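I have a structure here, written as structure tokens, and I will follow up with some questions on it.
Heavy atoms only: backbone and side chains are in, while hydrogens, waters and symmetry mates are out. Atoms within a ligand are numbered from 1 in the order they appear, just like the ligands themselves. What you see is a predicted model, and the numbers here were worked out from it, not measured in a lab.
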Amino acid sequence: MNRSDSEEMAGRLLAVGCEEASTFESADLVVINTCAIREGAEQKVIGRQGHLARLKVANPGMRIVMTGCAVREAERDGLRRRFPAVDLFLRPDEEPELVDRLGLASAQGAIGSLGAIGTTTTVGRTLVGAADNLSGTRARAIGEGTVARGSAISAWLPIIYGCDKTCTYCIVPFSRGPERSRPFDDIVEEARTLALAGYREVTLLGQNVNSYGHDLAPEPRFAHVDAERWAGRRLDLQGRPDLAELIRAIDALRTADGRPAIPRLRFVTSHPWDLSDRLIAALADCPSVCEHLHLPVQSGDDAVLRRMGRQYTIEHYRERLDRIRAAVPGITVSTDVIVGFCGETEAQFERTLQLLEDVRYDQVFAAAYSPRPGTPATKLVDDVPPHVKRRRLNQLLAVQERIGLERNEAWIGREIDVLVDAVAPPRTHDHDAPDRADGPRVTGRTRGNKLVHLAGDRRLVGHEVRVRIDHAGPYALRGSPVTEQPPIPR
Ligand code: SF4
């Protein structure tokens with residue numbers, strides 16, 4: 001979501017005549033888009049303060065904007081004290097005001113007079129690298145309105161902002177506010193525009209995409225949505241569109257010869273409680289929807305889930321997964337896990353490990369719990385010692401590394417379609433990556449979102465290539481294009 005927000009902000013600035021800076025030293029405006037989901041991410045911003053202050057001394061006209069999840073209303077005064085070099089703080093929901101608040105709107109048309117911008121797309125990147133990441137986006141920003149997309153192959157498409165859930169460890173409901181769904185037709189129209197612009201992959205984006213539509217006005221054309229009522233779950237849609245309707249409408253966008261106009265449609269993130277039967281049916285019916293589901297579980301123990309405020313039980317989670325796997329055979333599944341949450345016992349942690357063994361995820365994003373100021377969980381005792389959190393995290397990652405390797409090895413000798421999205425970096429120490437002595441390499445993703453390294457050069461980027469897999473690591477596959485043919489036309 002932060003990357004998508006950065007693309008929107010960069011697009012707005014480019015549209016009023018700003019130009020992208022090649023270095024932060026040459027920028028007149030720096031926008032820092034913060035992440036506060038974990039303590040480490042916030043610390044990175046703090047670590048940049050000295051650098052930013054020095055930049056401002058060298059260039060007193062420079063303006064610095066801080067936005068993202070670290071900027072919360074209750075924290076504004078504290079932020080001003082902690083980050084004196086910052087001129088403007090914007091909450092995530094205030095980002096559309098960026099141009100106005102900087103007084104740039106009236107400068108529209110005065111291209112070149114505003115100097116340059118530098119923006120960070122995530123806090124974790126180096127400043128200059130982040131600026132480089134936006135290279136070449138200007139033309140697309142003008143062509144598509146106000147979004148400076150960082151890729152010409154894959155696009156983020158936000159469908160719902162904010163979150164109504166109350167996970168006790170999470171800062172998002174406080175930083176991004178309540179759920180606001182974008183109008184159904186606007187999203188479908190944006191998807192159509194992306195298809196016409198040649199995008200091969202679109203990811204529908206939201207903190208909880210599964211609750212899309214519940215806050216929109218009912219419409220007669222969605223009267224049938226009420227009939228199934230999310231299999232009796234919490235959200236009562238009463239004739240409003242849901243994610244299943246949206247996916248079906250985007251899938252219905254077709255080329256002249258009847259193929260999906262957007263060949264790969266993804267969505268993230270799904271809350272297990274709101275994963276409806278209607279959505280599962282849409283995944284099974286729509287050929288454009290990729291066979292991959294990211295379904296955060298966070299813990300394998302019901303008592304921990306209750307303390308986390310996650311609303312579901314492990315029984316419910318497993319039932320949803322079983323149903324999806326029956327409806328979409330071969331679907332890959334990834335998840336998020338927090339270890340060492342308040343009060344987590346060894347036995348409770350073991351239940352999370354057991355869940356990994358049972359479900360056999362393709363990928364797990366795991367983190368040790370760190371309390372976020374202002375969240376309900378700060379009222380609980382953070383009683384798992386740091387060394388125990390670290391040990392549990394390492395233990396869990398080791399289990400998943402074995403499972404991931406086993407699952408990937410099952411692909412050796414088989415063929416799979418890979419959407420090539422990048423030229424592999426010149427040198428890598430990743431043990432999944434190929435030996436580059438045998439020529440240029442590119443990387444891409446399968447429909448199941450598996451990373452694949454393959455022989456080929458930049459001419460393959462943007463194309464879907466049939467690849468035979470000959471090597472597997474825990475985090476990636478390696479293979480060769482099956483034929484020398486020109487790649488499938490875009
Ligand atoms: Fe945070 Fe829970 Fe909402 Fe996800 S669903 S953004 S973890 S409150």
For Tyr161, the ring-ring contact (aromatic ring centres under 6.0 Å, His included) test, sequence neighbours excluded, returns none
Applied to residues 367-390, the ring pair (Phe, Tyr, Trp, His ring centres under 6.0 Å) test, sequence neighbours excluded, yields Phe341-Tyr369
Those residues at least two apart in sequence (or on a different chain) that pass salt bridge (Lys or Arg N to Asp or Glu O under 4.0 Å) with Arg372 are Glu42
among protein heavy atoms, the one nearest atom 7 (S) of ligand 1 is Tyr169 OH, 3.4 Å
Rounding to 0.5 Å, atoms CG (Asp285) and CD1 (Ile280) come to a distance of 12.0 Å
Atoms listed for atom 3 (Fe) of ligand 1 (protein only, N, O or S, under 2.8 Å, no waters) are Cys163 SG
Query raised in the report: Within a strict 4.5 Å, meaning less than it, do heavy atoms of the Thr67 and Met9 side chains meet?
Result: yes
Per side chain to side chain donor-acceptor pair (under 3.5 Å), Glu245 is matched among His224, Arg221, Arg240 by His224
Ligand 1 atoms nearer than 4.0 angstrom to some heavy atom of Arg310 are 2 (Fe), 7 (S)
- Task: If the plane angle is over 60° it's perpendicular, under 30° parallel, otherwise tilted; pick one for Phe184 and Tyr212.
- Result: tilted
